[in-house]
Amino acid sequence: MLIDCDPGLDDAIAILTAAVVADLIGITTVNGNVGIEHTTHNALAIVETAGLDIPVHRGAERPLIADAVDAHHVHGATGLGSVDLPDVHRTVASHDAVGYILDMAAGVEGLHLVAMGPLTNIALAIQRDPGLPQRLSGITIMGGAAVGGNVTATAEFNIWADPEAAAMVFRDAAALTMVGLDVTHQVLLGATERDRMREAGFPAASLAADLLDYALERAGEMRGWAGAPIHDACAVVAATHPHLFDGDLRHVEIELHGRLTRGMTVVDQRGLSPLGPPDTNARTLVLHDVDTPAVVDTIVDAVLALRP
Ligand code: BDR
Ligand code: CA
């Protein structure tokens, strides 16, 4: 697995999860929840805290065309809430995330890409080498929603932050799984999970507990929820434990122009072509159901398994 991310509270917990449940070979960073300096620094801090030997490659500092946006109101000014990060000694392996993605796809049989930020790096990689999708075993994205949105009424943050990039990825990906808000809003982690990680007491578990604590505060203030969605970790688990999810193949397009709908993932729920037979464009596996307790346990158990 290769993770493309913008840490981000939930990206951080997703990286910790992936380090246990997957063979995680590398991390690329992208501008998103906060600027690229912060997302890259955060990725380095996470791997260092957890003692992981995983390279971090810095990626795009702005969307393809759209103005840069962020989500610091959710993730805090530097992206990891108010967590006290240790001094970071690791440095990036390169400033060429796109080149790294292409090299790994060429050299690693069965590589699965899990994208949990705006899709800028992935789109740039496809632009540089249109053969990329065929060399991956699949792309799983946290992004979009069959119904609704979070940053606007119709758009989810990762798609909304770089809709042109998302349009390219949804058009060109060979095997794409969409883990949208339909799924991630069903997987809320709460005080019980935070306390399990807090009590474990080692650095990676304490970091995850602090991040979840901050996410819980935000989810309470912003939505009145008692649990916090850890969106990106769901995408990791969807890639490694597909039997815990249900979905349908659908034709999905990204709305680029609508005044109220820019960044919307328009999911054709008919599953039919306009003339009736199955839609041959219905190529995106859109997940909608999830075994919530199993996914929550998978995430928490993974973090606890990082005990040095
Ligand atoms: C997605 O947007 C980001 O803020 C999160 O990290 C997640 O990837 C949820 O909409
Ligand atoms: Ca993210």
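Quick note: numbers below take in every heavy atom, side chains included, and nothing from hydrogens, waters or symmetry partners. Counting starts at 1 for both ligands and their atoms, in listed order. Numbering starts at 1 and runs along the sequence shown.
For Arg283 (side chain) and Arg171 (main-chain N/O), a donor-acceptor pair under 3.5 Å exists by modelled atom type. Counting only distance, with no hydrogens or angles, the side chain of Glu253 and the backbone of Val267 share no donor-acceptor pair below 3.5 Å. Using a distance-only test at 3.5 Å, with no hydrogens or angles considered, a donor-acceptor pair links the side chain of Thr240 to the main chain of Val236. With hydrogens and angles ignored, the 3.5 Å screen pairs no side-chain donor or acceptor of Thr284 with any backbone N or O of Val286. Looking only at distances, a side-chain donor or acceptor of Asp162 sits under 3.5 Å from a matching main-chain atom of Leu64. Without hydrogens or angle criteria, Glu61 side chain to Ile36 main chain gives no donor-acceptor distance under 3.5 Å.
Heavy-atom proximity to Met142, at under 4.0 Å, picks out these atoms of ligand 1: 1 (C), 7 (C), 8 (O), 9 (C). Short contacts between ligand 1 and Phe157, defined as distances under 4.0 Å to a heavy atom of the residue, involve ligand atoms 2 (O), 3 (C), 4 (O), 10 (O). Within the listing of ligand 1, atoms 6 (O), 7 (C), 8 (O) sit less than 4.0 angstrom from a heavy atom of Asp232.
The shortest N or O to N or O distance between Asp11 and ligand 1 is below 3.5 Å. Taking distance alone, with nitrogen or oxygen atoms compared against 3.5 Å, Gly8 stays at or beyond that limit from ligand 1.
Using the six-membered ring where Trp is involved, Trp225 and His185 have ring planes that are perpendicular, over 60° apart on the 30 and 60° scheme.
Checked against the Ca ion (ligand 2), the N, O or S atom of Asp232 at the shortest distance is OD2. Sorting the N, O or S atoms of Asp6 by how far they are from the Ca ion (ligand 2) puts OD1 first.
For the Ca ion (ligand 2), the N/O/S atoms of Met116 include one lying under 3.0 Å.
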Go through the steps to decide whether Leu212 and Glu193 satisfy the test side chain to side chain contact (heavy atoms under 4.5 Å, CB included), and finish with yes or no.
-> CA-CA 9 Å; Leu212 177 53; Glu193 288 71 39; 4.1 Å; yes

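Neither the backbone nor the side chain of Val74 comes within 4.0 Å of ligand 1, counting heavy atoms alone.
Ranking the protein heavy atoms by distance from atom 3 (C) of ligand 1 puts Asn33 OD1, 3.1 Å first. Nearest protein heavy-atom neighbour of atom 6 (O) of ligand 1: Asp10 OD1, 2.6 Å.
Across the listed options Glu156, His231, Met116, Glu156 owns the non-hydrogen atom lying nearest to atom 1 (C) of ligand 1.
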